Amino acid sequence: MSIVSNQLETPPESGHPEGRLFIFSAPSGAGKSTLCMAARRHFPDMLYSISHTTRPPRDGETDGKDYHFITVEAFIQKIESNGWAEWAQVHGNYYGTSAEFIDAGIHAGKDILLDIDVQGTFKILKRYPDSVTVFIMPPSLDVLRQRLESRGTDRQDVIEIRMKNACHEMAEAHRYRHTIVNDNLETAVSELISLIERYHQNPHPSSSRRVS
Ligand code: ADP
Ligand code: 5GP
(Lines give C-alpha, C1' and ligand atoms only; values in the text may rest on other atoms or scores of the structure.)
(Ligands and ions follow the chains in the order given, each with its own letter.)
Protein backbone atom coordinates (compact mmCIF):
# COMPACT_ATOMS: atom_id res chain seq x y z
CA MET A 1 0.00 0.00 0.00
CA SER A 2 3.01 2.31 -0.08
CA ILE A 3 1.90 3.75 -3.41
CA VAL A 4 -1.42 4.92 -1.95
CA SER A 5 -0.08 6.31 1.27
CA ASN A 6 2.66 8.22 -0.58
CA GLN A 7 0.06 9.95 -2.71
CA LEU A 8 -2.70 10.63 -0.22
CA GLU A 9 -1.54 13.96 1.09
CA THR A 10 -3.09 16.17 -1.58
CA PRO A 11 -6.85 16.81 -1.34
CA PRO A 12 -9.40 15.31 -3.78
CA GLU A 13 -9.54 17.33 -6.98
CA SER A 14 -12.84 16.18 -8.47
CA GLY A 15 -15.38 17.60 -6.04
CA HIS A 16 -16.71 14.06 -5.88
CA PRO A 17 -17.06 13.01 -2.20
CA GLU A 18 -15.04 9.85 -2.81
CA GLY A 19 -12.47 9.32 -5.47
CA ARG A 20 -13.62 8.13 -8.82
CA LEU A 21 -12.37 5.51 -11.24
CA PHE A 22 -11.48 6.43 -14.83
CA ILE A 23 -11.30 3.21 -16.81
CA PHE A 24 -9.50 3.07 -20.16
CA SER A 25 -9.83 0.13 -22.52
CA ALA A 26 -8.66 -0.43 -26.06
CA PRO A 27 -7.50 -3.20 -28.33
CA SER A 28 -3.83 -3.88 -27.77
CA GLY A 29 -1.75 -1.47 -29.86
CA ALA A 30 -4.40 1.28 -30.08
CA GLY A 31 -2.25 3.56 -27.95
CA LYS A 32 -3.80 3.19 -24.52
CA SER A 33 -0.48 3.11 -22.62
CA THR A 34 0.71 6.16 -24.54
CA LEU A 35 -2.49 8.08 -23.72
CA CYS A 36 -2.56 6.93 -20.09
CA MET A 37 1.02 8.10 -19.68
CA ALA A 38 0.06 11.53 -21.04
CA ALA A 39 -2.93 11.71 -18.66
CA ARG A 40 -0.74 10.73 -15.72
CA ARG A 41 1.76 13.44 -16.58
CA HIS A 42 -1.02 16.04 -16.86
CA PHE A 43 -2.84 14.96 -13.66
CA PRO A 44 -0.04 14.00 -11.27
CA ASP A 45 -2.45 13.79 -8.32
CA MET A 46 -4.46 11.00 -9.90
CA LEU A 47 -3.49 7.54 -8.76
CA TYR A 48 -2.70 4.86 -11.31
CA SER A 49 -3.71 1.27 -10.64
CA ILE A 50 -0.69 -0.87 -11.46
CA SER A 51 -2.17 -4.18 -12.51
CA HIS A 52 -0.85 -7.60 -11.64
CA THR A 53 -0.17 -10.01 -14.46
CA THR A 54 1.22 -13.47 -15.09
CA ARG A 55 2.52 -12.42 -18.53
CA PRO A 56 6.31 -12.14 -18.78
CA PRO A 57 7.73 -8.60 -18.77
CA ARG A 58 8.50 -7.07 -22.17
CA ASP A 59 11.88 -5.48 -22.80
CA GLY A 60 11.96 -2.18 -20.95
CA GLU A 61 9.12 -3.03 -18.53
CA THR A 62 9.84 -2.74 -14.81
CA ASP A 63 8.21 -4.78 -12.06
CA GLY A 64 6.14 -2.54 -9.78
CA LYS A 65 6.04 0.27 -12.34
CA ASP A 66 4.44 -1.12 -15.49
CA TYR A 67 2.91 -4.16 -13.81
CA HIS A 68 3.39 -6.31 -10.77
CA PHE A 69 4.63 -9.46 -12.47
CA ILE A 70 3.52 -12.47 -10.44
CA THR A 71 3.25 -16.24 -10.83
CA VAL A 72 0.07 -18.09 -11.79
CA GLU A 73 0.08 -19.67 -8.31
CA ALA A 74 0.20 -16.27 -6.58
CA PHE A 75 -2.53 -14.99 -8.88
CA ILE A 76 -4.86 -17.90 -8.12
CA GLN A 77 -4.21 -17.57 -4.41
CA LYS A 78 -5.44 -13.97 -4.58
CA ILE A 79 -8.57 -15.06 -6.47
CA GLU A 80 -9.30 -17.46 -3.62
CA SER A 81 -8.77 -14.79 -0.97
CA ASN A 82 -11.00 -12.27 -2.84
CA GLY A 83 -8.07 -9.93 -3.29
CA TRP A 84 -9.01 -8.72 -6.80
CA ALA A 85 -11.43 -5.86 -7.50
CA GLU A 86 -11.62 -7.60 -10.88
CA TRP A 87 -9.53 -10.08 -12.76
CA ALA A 88 -9.64 -11.60 -16.23
CA GLN A 89 -7.75 -13.79 -18.62
CA VAL A 90 -6.60 -11.68 -21.55
CA HIS A 91 -4.66 -13.00 -24.55
CA GLY A 92 -3.90 -16.18 -22.57
CA ASN A 93 -2.54 -14.51 -19.38
CA TYR A 94 -4.10 -13.49 -16.08
CA TYR A 95 -4.50 -9.80 -15.25
CA GLY A 96 -5.95 -8.38 -12.02
CA THR A 97 -6.65 -5.12 -10.18
CA SER A 98 -5.90 -5.02 -6.46
CA ALA A 99 -9.08 -4.44 -4.41
CA GLU A 100 -7.04 -3.06 -1.52
CA PHE A 101 -5.41 -0.39 -3.69
CA ILE A 102 -8.70 0.73 -5.28
CA ASP A 103 -10.66 0.85 -2.02
CA ALA A 104 -7.94 2.74 -0.15
CA GLY A 105 -7.61 5.25 -3.00
CA ILE A 106 -11.27 6.03 -3.47
CA HIS A 107 -11.96 6.26 0.26
CA ALA A 108 -9.13 8.79 0.46
CA GLY A 109 -10.92 10.84 -2.20
CA LYS A 110 -8.41 10.16 -4.97
CA ASP A 111 -9.30 9.69 -8.61
CA ILE A 112 -7.75 6.54 -10.03
CA LEU A 113 -6.86 5.68 -13.60
CA LEU A 114 -7.24 2.06 -14.67
CA ASP A 115 -5.96 0.52 -17.89
CA ILE A 116 -7.91 -2.72 -18.12
CA ASP A 117 -9.67 -4.85 -20.72
CA VAL A 118 -13.36 -4.97 -21.63
CA GLN A 119 -14.24 -7.93 -19.37
CA GLY A 120 -12.55 -6.24 -16.40
CA THR A 121 -14.37 -2.97 -17.08
CA PHE A 122 -17.79 -4.52 -16.70
CA LYS A 123 -16.77 -6.34 -13.54
CA ILE A 124 -15.51 -3.05 -12.07
CA LEU A 125 -18.74 -1.28 -13.08
CA LYS A 126 -20.77 -3.77 -11.03
CA ARG A 127 -18.69 -2.95 -7.98
CA TYR A 128 -18.13 0.78 -8.69
CA PRO A 129 -21.07 1.87 -10.91
CA ASP A 130 -20.04 5.53 -10.92
CA SER A 131 -16.83 4.78 -12.82
CA VAL A 132 -16.09 6.75 -15.99
CA THR A 133 -15.49 4.41 -18.93
CA VAL A 134 -13.43 5.48 -21.96
CA PHE A 135 -12.77 3.33 -25.01
CA ILE A 136 -9.72 4.20 -27.12
CA MET A 137 -10.32 3.31 -30.77
CA PRO A 138 -7.59 2.86 -33.36
CA PRO A 139 -8.35 4.68 -36.64
CA SER A 140 -8.56 1.31 -38.45
CA LEU A 141 -7.54 -2.33 -38.11
CA ASP A 142 -4.74 -1.78 -40.65
CA VAL A 143 -3.29 1.02 -38.53
CA LEU A 144 -3.67 -1.13 -35.42
CA ARG A 145 -1.61 -3.91 -37.04
CA GLN A 146 1.04 -1.40 -38.16
CA ARG A 147 1.31 -0.05 -34.59
CA LEU A 148 1.63 -3.51 -33.08
CA GLU A 149 4.30 -4.41 -35.63
CA SER A 150 6.25 -1.18 -35.35
CA ARG A 151 6.15 -1.29 -31.53
CA GLY A 152 8.29 -4.39 -31.97
CA THR A 153 7.49 -5.90 -28.56
CA ASP A 154 5.39 -8.90 -29.54
CA ARG A 155 6.05 -12.03 -31.62
CA GLN A 156 4.02 -12.46 -34.82
CA ASP A 157 1.81 -15.19 -33.27
CA VAL A 158 1.07 -12.88 -30.31
CA ILE A 159 0.19 -10.06 -32.75
CA GLU A 160 -2.24 -12.40 -34.53
CA ILE A 161 -4.01 -13.23 -31.23
CA ARG A 162 -4.22 -9.51 -30.39
CA MET A 163 -5.63 -8.66 -33.85
CA LYS A 164 -8.26 -11.39 -33.53
CA ASN A 165 -9.28 -10.16 -30.08
CA ALA A 166 -9.36 -6.54 -31.31
CA CYS A 167 -12.51 -7.14 -33.35
CA HIS A 168 -14.38 -8.55 -30.34
CA GLU A 169 -13.15 -5.71 -28.12
CA MET A 170 -14.11 -2.97 -30.60
CA ALA A 171 -17.61 -4.45 -30.84
CA GLU A 172 -18.04 -3.55 -27.13
CA ALA A 173 -17.02 0.10 -27.54
CA HIS A 174 -20.65 1.28 -27.61
CA ARG A 175 -21.03 0.12 -23.99
CA TYR A 176 -18.46 2.69 -22.83
CA ARG A 177 -19.55 6.17 -21.82
CA HIS A 178 -16.90 7.87 -23.97
CA THR A 179 -14.96 6.98 -27.10
CA ILE A 180 -11.74 8.63 -28.24
CA VAL A 181 -10.27 7.80 -31.65
CA ASN A 182 -6.49 7.78 -31.41
CA ASP A 183 -5.61 8.86 -34.93
CA ASN A 184 -3.55 12.01 -34.33
CA LEU A 185 -1.79 11.57 -31.00
CA GLU A 186 -1.80 15.25 -30.05
CA THR A 187 -5.56 15.55 -30.70
CA ALA A 188 -6.34 12.36 -28.80
CA VAL A 189 -4.26 13.50 -25.80
CA SER A 190 -6.01 16.86 -25.66
CA GLU A 191 -9.44 15.19 -25.93
CA LEU A 192 -8.55 12.89 -23.09
CA ILE A 193 -7.31 15.73 -20.89
CA SER A 194 -10.40 17.84 -21.52
CA LEU A 195 -12.65 14.86 -20.80
CA ILE A 196 -11.07 14.35 -17.37
CA GLU A 197 -11.16 18.10 -16.71
CA ARG A 198 -14.89 18.09 -17.45
CA TYR A 199 -15.39 15.55 -14.67
CA HIS A 200 -13.33 17.65 -12.31
CA GLN A 201 -15.57 20.64 -13.04
CA ASN A 202 -18.84 18.73 -13.12
CA PRO A 203 -19.09 15.19 -11.73
CA HIS A 204 -21.91 14.29 -14.16
CA PRO A 205 -21.19 15.70 -17.65
CA SER A 206 -22.82 14.25 -20.76
CA SER A 207 -21.20 11.41 -22.67
CA SER A 208 -19.18 12.01 -25.82
CA ARG A 209 -18.41 9.90 -28.85
CA ARG A 210 -16.06 10.58 -31.72
CA VAL A 211 -15.92 7.63 -34.07
CA SER A 212 -14.30 8.01 -37.47
P1 ADP B 1 -1.45 -0.12 -26.14
O2 ADP B 1 -1.05 0.30 -24.77
O3 ADP B 1 -2.86 0.23 -26.47
O4 ADP B 1 -1.14 -1.55 -26.42
P5 ADP B 1 0.75 1.61 -27.05
O6 ADP B 1 0.49 2.86 -26.27
O7 ADP B 1 1.89 0.74 -26.63
O8 ADP B 1 -0.59 0.73 -27.20
O9 ADP B 1 0.92 2.06 -28.58
C10 ADP B 1 1.24 1.10 -29.59
C11 ADP B 1 2.28 1.73 -30.53
O12 ADP B 1 1.65 2.77 -31.30
C13 ADP B 1 3.45 2.37 -29.81
O14 ADP B 1 4.62 2.14 -30.57
C15 ADP B 1 3.08 3.87 -29.78
O16 ADP B 1 4.23 4.70 -29.76
C17 ADP B 1 2.31 4.02 -31.10
N18 ADP B 1 1.25 5.05 -31.07
C19 ADP B 1 0.39 5.32 -30.07
N20 ADP B 1 -0.48 6.30 -30.43
C21 ADP B 1 -0.14 6.65 -31.71
C22 ADP B 1 -0.66 7.61 -32.66
N23 ADP B 1 -1.69 8.40 -32.38
N24 ADP B 1 -0.06 7.69 -33.86
C25 ADP B 1 0.99 6.89 -34.17
N26 ADP B 1 1.52 5.96 -33.33
C27 ADP B 1 0.97 5.85 -32.12
P1 5GP C 1 -0.67 -5.88 -22.28
O2 5GP C 1 -0.24 -7.31 -22.10
O3 5GP C 1 -0.59 -5.46 -23.73
O4 5GP C 1 0.02 -4.93 -21.35
O5 5GP C 1 -2.21 -5.80 -21.89
C6 5GP C 1 -3.13 -6.64 -22.51
C7 5GP C 1 -4.52 -6.27 -22.10
O8 5GP C 1 -4.73 -6.53 -20.71
C9 5GP C 1 -4.86 -4.80 -22.31
O10 5GP C 1 -6.16 -4.74 -22.90
C11 5GP C 1 -4.90 -4.25 -20.92
O12 5GP C 1 -5.80 -3.16 -20.79
C13 5GP C 1 -5.43 -5.44 -20.16
N14 5GP C 1 -5.15 -5.34 -18.73
C15 5GP C 1 -4.07 -4.82 -18.12
N16 5GP C 1 -4.21 -4.88 -16.79
C17 5GP C 1 -5.42 -5.44 -16.55
C18 5GP C 1 -6.15 -5.75 -15.35
O19 5GP C 1 -5.72 -5.52 -14.23
N20 5GP C 1 -7.36 -6.32 -15.52
C21 5GP C 1 -7.88 -6.59 -16.74
N22 5GP C 1 -9.11 -7.13 -16.79
N23 5GP C 1 -7.24 -6.29 -17.89
C24 5GP C 1 -6.01 -5.74 -17.78
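Counting convention: from 1, in listed order, for ligands and their atoms alike. If you're wondering where the values come from, they're calculated on a predicted model, not measured in any experiment.
Residue Gly120 approaches ligand 2 through these ligand atoms, each under 4.0 Å from one of its heavy atoms: 22 (N). Here is the list of ligand 2 atoms found below 4.0 Å of a heavy atom in Lys32: 9 (C), 10 (O), 11 (C), 12 (O). Ligand-side atoms of ligand 2 in range of Arg55: 1 (P), 2 (O), 4 (O), range being under 4.0 angstrom from any heavy atom. Every atom of ligand 2 is numbered from 1 in the order shown, and the set under 4.0 Å from a heavy atom of Gly96 is 18 (C), 19 (O). Per-residue contacts place Asp183 under 4.0 angstrom from the following atoms of ligand 1 (heavy atoms of the residue considered): 22 (C), 23 (N), 24 (N). Near Ala88, the atoms of ligand 2 lying under 4.0 angstrom from a non-hydrogen atom of the residue are 22 (N). If you number the atoms of ligand 2 from 1 as listed, the ones under 4.0 Å from a heavy atom of Ser51 come out as 16 (N), 17 (C), 18 (C), 19 (O). Ligand-side atoms of ligand 1 in range of Ser28: 4 (O), range being under 4.0 angstrom from any heavy atom. Within the listing of ligand 2, atoms 6 (C) sit less than 4.0 angstrom from a heavy atom of His91.
In this structure, Ile102 and Tyr128 have side chains that are in contact, with non-hydrogen atoms separated by less than 4.5 Å. Residues Asp117 and Tyr95 fail the side-chain proximity criterion, which asks for heavy atoms closer than 4.5 Å. Ile161 places none of its side-chain heavy atoms less than 4.5 Å from the side chain of Ser28. Side-chain contact between Asp59 and Thr153: absent, with no pair of heavy atoms (C-beta onward) separated by less than 4.5 Å. Within the 4.5 Å cutoff, the side chain of Ile196 has heavy atoms near those of the Met46 side chain. Counting only heavy atoms from C-beta outward, the side chains of Asn182 and Arg147 approach each other to under 4.5 Å. At a threshold of 4.5 Å between non-hydrogen side-chain atoms, the residues Thr53 and Ser51 do not count as touching. Between His174 and Phe135 the shortest side-chain heavy-atom distance does not fall below 4.5 Å.
Ranking protein heavy atoms by distance to atom 7 (C) of ligand 2, first place goes to Val90 CG1, 3.7 Å. Scanning the protein for heavy atoms near atom 7 (O) of ligand 1, the closest one is Arg151 NH1, 2.9 Å. Looking only at protein heavy atoms, the nearest one to atom 6 (O) of ligand 1 is Thr34 OG1, 2.5 Å. From the protein, the heavy atom lying nearest to atom 8 (O) of ligand 1 is Gly31 N, 3.1 Å. Arg147 NH2, 3.2 Å is the protein heavy atom nearest to atom 24 (N) of ligand 1. For atom 3 (O) of ligand 1, the nearest non-hydrogen atom of the protein is Lys32 N, 2.8 Å. For atom 23 (N) of ligand 2, the closest non-hydrogen atom on the protein side is Asp117 N, 3.0 Å. The protein heavy-atom contact nearest to atom 23 (N) of ligand 1 is Asn182 OD1, 2.8 Å.
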Discussion item. Run the salt bridge (charged side-chain N to carboxylate O under 4.0 Å, His left out) test on Glu160 and Arg155 for me, step by step, so that the C-alpha distance in whole Å, both residues' side-chain angles and the decisive distance to 0.1 Å come before the verdict.
Written reply: CA-CA 9 Å; Glu160 294 312 326; Arg155 292 194 318 260; over 6 Å; no
Worksheet entry | Intermediate values then yes/no, side-chain hydrogen bond (donor to acceptor under 3.5 Å, both in side chains), Thr97 and Ser49 | CA-CA 7 Å; Thr97 302; Ser49 169; 4.6 Å; no
Practice prompt. Could you give me the CA-CA distance, side-chain angles and deciding distance for Gln201 and Glu197, then say whether side-chain hydrogen bond (donor to acceptor under 3.5 Å, both in side chains) is met?
Written response: CA-CA 6 Å; Gln201 284 152 14; Glu197 276 170 350; 5.4 Å; no
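Ligand 1 lies out of reach of Ala26, whose nearest heavy atom is not under 4.0 Å from it. The closest approach between a heavy atom of Ser25 and any atom of ligand 2 is not below 4.0 Å. Contact between Arg58 and ligand 2 is present, with at least one heavy atom of the residue lying under 4.0 Å from the ligand.
Counting heavy-atom neighbours within 6.0 Å of Glu186 CD, excluding the residue itself, gives a total of 12 or less. Atom CD of Gln77 is surrounded by 12 or fewer heavy atoms from other residues, nucleotides or ligands within 6.0 Å.
The N/O atoms of Asn184, backbone and side chain alike, include none that comes under 3.5 Å of an N/O atom in ligand 1. Any N or O atom pair closer than 3.5 Å counts here, and Gly29 shares at least one such pair with ligand 1. By the 3.5 Å distance cut-off applied to N or O atoms, Glu169 is not counted among the residues near ligand 2. Polar contact check, Tyr67 against ligand 2: a nitrogen or oxygen pair lies under 3.5 Å apart. Polar contact check, Trp87 against ligand 2: no nitrogen or oxygen pair lies under 3.5 Å apart.
Residue contacts with ligand 1 for Leu148 are absent, since no atom lies close enough (heavy atoms, distance under 4.0 Å). Here Arg162 has side-chain heavy atoms under 4.0 Å from ligand 2, and that is the only part of it that gets that close. Counting heavy atoms closer than 4.0 Å to ligand 2, residue Asp115 contributes atoms from both its backbone and its side chain. Here Ser33 has heavy atoms under 4.0 Å from ligand 1 in both its backbone and its side chain. Contact annotation: for Glu86 versus ligand 2, heavy atoms closer than 4.0 Å belong to the side chain alone. In His52, neither the side chain nor the backbone holds a heavy atom less than 4.0 Å from any atom of ligand 2.
The two residues Gln119 and Gln89 have their closest heavy-atom pair at NE2-O, 3.0 Å. Heavy atoms only, all atoms of each residue included: Ala99 and Trp84 are closest at CB-C, 3.9 Å.
Ring centroids of Phe101 and His68 are separated by 6.0 Å or more, keeping the two rings apart. Taking the six-membered ring for Trp, His52 and Trp87 have ring centres at least 6.0 Å apart.
For the pair Arg175 and Phe122, the distance from NZ or CZ to the six-membered ring centre is under 6.0 Å and the angle to the ring normal is within 45 degrees.
Selection from Phe122, Trp84, Tyr95 by nearest heavy atom to atom 8 (O) of ligand 2 gives Tyr95.
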